[in-house]
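Data first, discussion second: the structure below is written as structure tokens.
The figures that follow rest on heavy atoms only: side chains count, while hydrogens, waters and symmetry mates do not.
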Amino acid sequence: MATRMDLDGRPIKPMTICMIGAGGFIGSHLCEKLMAETPHKVLALDVYNDKIKHLLEPDSVPWADRIQFHRLNIKNDSRLEALIKMADLTINLAAICTPADYNTRPLDTIYSNFIDALPVVKYCSENNKRLIHFSTCEVYGKTIGSFLPKDSPLRQDPAYYVLKEDDSPCIFGSIEKQRWSYACAKQLVERLIYAEGAENGLDFTIVRPFNWIGPRMDFIPGIDGPSEGVPRVLACFSNNLLRREPLKLVDGGQSQRTFVYIKDAIEAVLLMIENPDRANGQIFNVGNPNNEVTVRQLAEMMTEVYSKVSGEPALEKPTVDVSSKEFYGEGYDDSDKRIPDMTIINSQLGWNPKTSLWDLLDSTLTYQHRTYAEAIKKSMAKPTAS
């Protein structure tokens, strides 16, 4: 493998990476990238390894000696500090990050995203190990523009809705709106990491993902996840399409979101890994402001793309409106828009996303159909027990 060079023309030394949450959606794609294109070693930590099994078996794969899977739960495993000590860099991806859980499991959400992250930060700081911590775009909460009158022309001014890492305030709902338990926990960890950097010299990078989507995202209820589970929007809509059910639009699907393809986003993470001088001390938005749609528009696009992918006609009534209380339960709240400002990541790392929303939906839904269609048909054909 040819010597890799960083953005400043210096050779990149092979490193050992302790990746917490390596078996998840983002971790699986990052492990693939690291194994295929770099000489780096990965200590892959997670409770499950289903999404990275293809990287671990058989032993004859060319990277067999560069990835080790360690089955552990960071809540209570004494091996965690030793594994962080063995690595040059720790990447923390572990989280509960499904909106349906924020209301129904607020304690688990807070413990998982704040309390469980504390030892990771502590061990990195005490052992002088670099940390890349995955946060969320949810730390921004609501936009300033959402508090303006609906007919205010200022709602069209980017200053009131584009989210900047070093400038935008973090605006959350009231305490009784437990949907913000996730965002508050994530923000507090960010503040802790930033303080460790300021007081104790921790080398850190904070990543704020803006809706990364692609193959292996979340789960399909009843197939590779709990039947009663409610995954994030792309997997939720995929599940409806696979089962030929109307797509449920919460509160009419008026919220606006941006979506970025997982493979584009992983390119950004690799730049952070291999350019510490440019990434240390930084908070990076990673998203695609060009791929902004309402959730209703996303549903319409996914219906059209899936019809092409599957060869099946769309339903006569492809969507149905439901209230947020009915779908998520009491205490749900939402942000109106999430558009990332890309100035910092572009100037520091020269990164820009490439994949259009149509193209990433085509790639993702082709994978979903190929992976799940037959399993869902079989599950739907089984008689229901009385």
Side-chain angles (χ1 to χ4, degrees), residues 21-32 44 46-57 69 71 73 93-105 108 112 211-250 259 261-263 295 298-299 301-315 318-320 322 326-329 360-386:
F25 166 55
I26 295 173
S28 68
H29 285 275
L30 184 53
C31 284
E32 278 183 346
D46 213 319
V47 179
Y48 305 106
N49 65 6
D50 302 32
K51 294 180 181 181
I52 56 171
K53 267 187 178 173
H54 62 294
L55 300 175
L56 304 172
E57 306 165 353
F69 179 69
R71 192 181 301 277
N73 187 329
L93 292 155
I96 288 178
C97 53
T98 307
D101 290 328
Y102 309 160
N103 269 12
T104 57
R105 299 168 58 202
D108 282 345
S112 171
N211 297 299
W212 296 10
I213 62 177
R216 299 196 294 273
M217 181 178 180
D218 289 356
F219 60 91
I220 296 298
I223 303 299
D224 58 358
S227 297
E228 69 281 2
V230 181
R232 283 170 289 185
V233 66
L234 183 118
C236 219
F237 284 173
S238 295
N239 182 47
N240 296 141
L241 290 166
L242 286 157
R243 296 177 187 277
R244 293 193 61 73
E245 300 170 346
L247 280 62
K248 293 180 178 178
L249 299 178
V250 175
F259 297 90
Y261 192 38
I262 183 66
K263 294 189 184 300
V295 174
L298 176 69
M301 292 175 74
M302 287 182 67
T303 298
E304 183 177 335
V305 172
Y306 189 72
S307 183
K308 185 192 81 170
V309 165
S310 66
E312 299 172 350
L315 294 178
T319 61
V320 60
V322 296
E326 178 187 350
F327 193 81
Y328 289 118
L360 70 86
L361 288 177
D362 185 81
S363 170
T364 304
L365 289 174
T366 297
Y367 170 86
Q368 300 284 68
H369 180 72
R370 189 175 65 239
T371 306
Y372 295 110
E374 284 306 313
I376 282 183
K377 281 179 185 174
K378 287 177 183 175
S379 73
M380 292 174 72
K382 289 179 183 176
T384 307
S386 61

How long is the gap from [atom1] on [X] to [atom2] on [Y], to the nearest 0.5 Å?
X	Y	atom1	atom2	value
F25	L30	CZ	CG	11.5 Å
W212	I262	CH2	CD1	6.0 Å
I52	L55	CD1	CG	6.5 Å

Judged by atom type as modelled, is there a donor-acceptor pair below 3.5 Å linking the side chain of [X] to the main-chain atoms of [Y]?
X	Y	value
S28	G24	yes
H29	P215	yes
R71	V47	yes
D218	A235	no

How close do [X] and [Y] get, counting heavy atoms only, and between which atoms?
X	Y	result
D362	K308	OD1-NZ, 2.9 Å
L360	F259	CD2-O, 4.2 Å
C236	F327	SG-CZ, 3.9 Å
G27	L93	CA-CD1, 3.7 Å
A22	A44	CB-CB, 3.5 Å
A299	L249	CB-CD2, 3.8 Å

Can you tell if the side chain of [X] reaches within under 4.5 Å of the side chain of [Y], non-hydrogen atoms only?
X	Y	value
V250	V233	no
P246	L315	yes
L234	L361	yes
S379	I223	yes
F237	V295	yes

Legend entry - Residue of the set M217, M302, H369 for which side chain to side chain contact (heavy atoms under 4.5 Å, CB included) holds with S238: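 Option passing the side chain to side chain contact (heavy atoms under 4.5 Å, CB included) with S238: M302.
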Inset, instruction - Start with the C-alpha gap between T371 and R216, add the side-chain angles, then the distance that decides, and say whether side-chain contact (heavy atoms from CB on, under 4.5 Å) holds. - result: CA-CA 9 Å; T371 306; R216 299 196 294 273; over 6 Å; no
Inset, instruction - Using the test side-chain contact (heavy atoms from CB on, under 4.5 Å), find all partners of D224 that sit at least two apart in sequence or belong to another chain. - result: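 Result, side-chain contact (heavy atoms from CB on, under 4.5 Å) vs D224: F219, I220, Y372.
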Inset, instruction - Would you sort out whether S112 and R105 count as a side-chain contact (heavy atoms from CB on, under 4.5 Å), showing the intermediate values? - result: CA-CA 10 Å; S112 171; R105 299 168 58 202; over 6 Å; no
Inset, instruction - Give a yes or no on whether a salt bridge exists between D46 and K51, defined as a side-chain N under 4.0 angstrom from a carboxylate O. - result: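 Not counted as a salt bridge, because no side-chain N and carboxylate O are separated by less than 4.0 Å.
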Inset, instruction - Under the side-chain hydrogen bond (donor to acceptor under 3.5 Å, both in side chains) rule, collect the residues that match up with Y102, sequence neighbours excluded. - result: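 For Y102 there are no side-chain hydrogen bond (donor to acceptor under 3.5 Å, both in side chains) partners, ignoring immediate neighbours.
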Inset, instruction - Report the C-alpha separation of L247 and L241 in whole Å, then their side-chain angles, then the decisive distance to 0.1 Å, and conclude whether the side-chain contact (heavy atoms from CB on, under 4.5 Å) test is met. - result: CA-CA 7 Å; L247 280 62; L241 290 166; 3.7 Å; yes
Inset, instruction - Carefully, step by step, assess Q368 and S310 under the rule side-chain contact (heavy atoms from CB on, under 4.5 Å). - result: CA-CA 10 Å; Q368 300 284 68; S310 66; over 6 Å; no
